[in-house]
Amino acid sequence: MSKKLSLPAQILIALVAGIAVGLVCYFTGTKDITTAYLKPFGDIFVNLMKFIVVPVVLLSMIDGIISMNDMRKVGSVGIKTVAYFMVTTAIACVIGLVFANIFKAAGLFPILDPNSAEYDAKEFGGFMSTLVSIFPTNMWKSFTEANMLQVIVISLFLGGSILAAGEKAQLCRDFVTSAYAVIEKLMGFIISLAPIGVFTYMAWVVATQGSEILLSLLLVIICAYLGYVVHAVLVYSASAQVFAGMSPIAFFKGAFAAMIFAFTSASSAATLPVAKECAAEMGAEDDIASFVLPLGSTINMDGTAIYQCVATVFLASCANINLTLGQMVIVVLTATLASIGTAGVSGAGMIMLAMVLETLGIPVSYIGLIVAVDRIFDMGRTCLNVTGDISCAVCVTKWEGRKEAAKR
Ligand code: ASP
């Protein structure tokens, strides 16, 4: 009887095959084939992932809340989760800034002509108006626009209200549990198609990323990737070991499928179903993972924070601006906020970079200097973003487990 390959193994094979096909197409000058015939299959797959993301986040969070069955537990999990997210994101910013400054001081950053940059940035209304916009005025609009911060607020309110309504809400509880079971089945089917998405996207990226622009920005890309790797190795290994009592190798092995999927899809939201499977395999409790992962895929973006810090220092150096220590602190604060506001879809982190630049008085049009290679930055930052969410789910499970054990 033939044994079916595990999903991580299938994904790894798809990744290697995608790179090989991409290289062949690149060197034979047939990269258009990947755009015309391979990428559309990747798009179909990512569309399917995005199509289930609103029901997954909504039902998963409500189901998580009602399974905890106690508002105090929801509060305790919520506080630990948000604290973990904030601390790790702030560390990510510091790591990003340290690497960017080392590269800058060593003269490794290329100095590009900012006048050649063209970029139309989105206007930001400021912190308070962003805060107001998190609260929806129309639930259906939040769903149709896939405004995930609003969907999270709706889930928290509905989940909390179902708990508060007690026995009268039994029908609602059963409905959520049953609908979530259906969505989980659908999710399982869509995830089984992941190798197709990984293969086709990887072939397309390898074949089409312009090598000239890539070479000119290679050192900036290396700087960001060093930040990503150091953050993963330091922060996630340490928290796996110290908080979850898990060896770093076991942690990264467990998270592998989600990491590869995030890397190729460049979307935390689309990776959510795979991340849930990985977290469950690693022993994260279902109600906690159901709460932490959707929240993390929307607000916890360590990779995005590193990217925003590196890009800010690089673009400032192109503009001949030397950031002072005080300005670096502002970068940490704004990049943390900008990463929270970044949606879990490809390219969102670059759009939010405008907020950091604007605060520092660096012309936002300079983003045009790095826009062409954003996908390369994005793949790494999304991989880190998702790994951070999984590590949080595993750690919070352990913390809550200890608390329960201490009560007994
Ligand atoms: N693509 C990233 C994510 O989905 C967000 C970003 O662009 O930084 O996590």
Side-chain angles (χ1 to χ4, degrees), residues 42-43 45-47 49-54 56-57 85 88-89 92-93 95-96 119 121-122 146-149 151-152 194 197-198 201-202 205 209 220-221 223-225 227-228 231-232 236 255 258-276 278 292-312 314-315 331 334-357 367 370-393:
D43 289 342
F45 179 69
V46 169
N47 284 356
M49 290 298 234
K50 285 190 185 153
F51 131 82
I52 54 163
V53 81
V54 171
V56 168
V57 170
F85 287 167
T88 51
T89 305
C93 288
I95 290 177
Y119 182 76
K122 184 174 135 198
N147 184 327
M148 299 320 291
L149 281 175
V151 173
I152 282 175
V198 170
Y201 261 8
M202 210 55 216
V205 169
Q209 288 300 318
V220 190
I221 295 173
C223 179
Y225 272 80
Y228 301 155
H231 186 78
Y236 305 146
M259 289 171 76
I260 296 288
F261 188 74
F263 185 75
T264 42
S265 70
S267 169
S268 301
T271 312
L272 183 56
V274 191
K276 278 204 78 183
C278 291
V292 172
L293 294 175
L295 190 65
S297 73
T298 312
I299 67 167
N300 182 41
M301 310 261 171
D302 296 353
T304 302
I306 292 178
Y307 154 81
Q308 285 169 343
C309 291
V310 170
T312 302
F314 168 61
L315 296 178
V331 174
T334 48
T336 303
L337 288 178
S339 70
I340 292 174
T342 300
V345 295
S346 79
M350 188 187 67
I351 297 172
M352 293 303 282
L353 173 64
M355 181 176 135
V356 185
L357 298 183
I367 295 178
I370 48 173
V371 67
V373 288
D374 186 58
R375 181 89 194 180
I376 309 279
F377 284 114
D378 200 358
M379 291 162 74
R381 64 187 191 239
T382 311
C383 176
L384 199 66
N385 293 346
V386 169
T387 315
D389 301 339
I390 298 176
S391 101
C392 181

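Values below: all heavy atoms of this structure, side chains included; hydrogens, waters and symmetry mates excluded. As the structure lists them, so they are numbered: ligands from 1, and atoms in each ligand from 1.
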Problem set entry | Side chains of F85 and C392 in contact at under 4.5 Å (non-hydrogen atoms) | yes

For this session: Give a yes or no answer on whether the side chain of Y307 reaches the backbone of G349 with a donor-acceptor pair at less than 3.5 Å.
Result: no

Exercise. Using a 4.0 angstrom limit on heavy atoms, which residues are close to ligand 1?
Worked result: A266, S267, S268, M301, T304, T342, A343, G344, V345, S346, G347, A348, G349, D378, R381, T382, N385

Exercise. Does S267 have any side chain to side chain contact (heavy atoms under 4.5 Å, CB included) partners at least two apart in sequence or in another chain, and if so, which?
Worked result: S265, A269, A270, V345

Problem set entry | Pair listing, side-chain hydrogen bond (donor to acceptor under 3.5 Å, both in side chains) test, anchored in residues 383-393, at least two apart | Y84-S391, N300-D389, T304-N385

Problem set entry | By side chain to side chain contact (heavy atoms under 4.5 Å, CB included) - contacts of A338 (at least two apart) | Q308, M352, M355, V356

Exercise. When you measure from the side chain of D302 to the backbone N and O of G388, does any donor-acceptor pair fall under 3.5 Å?
Worked result: no

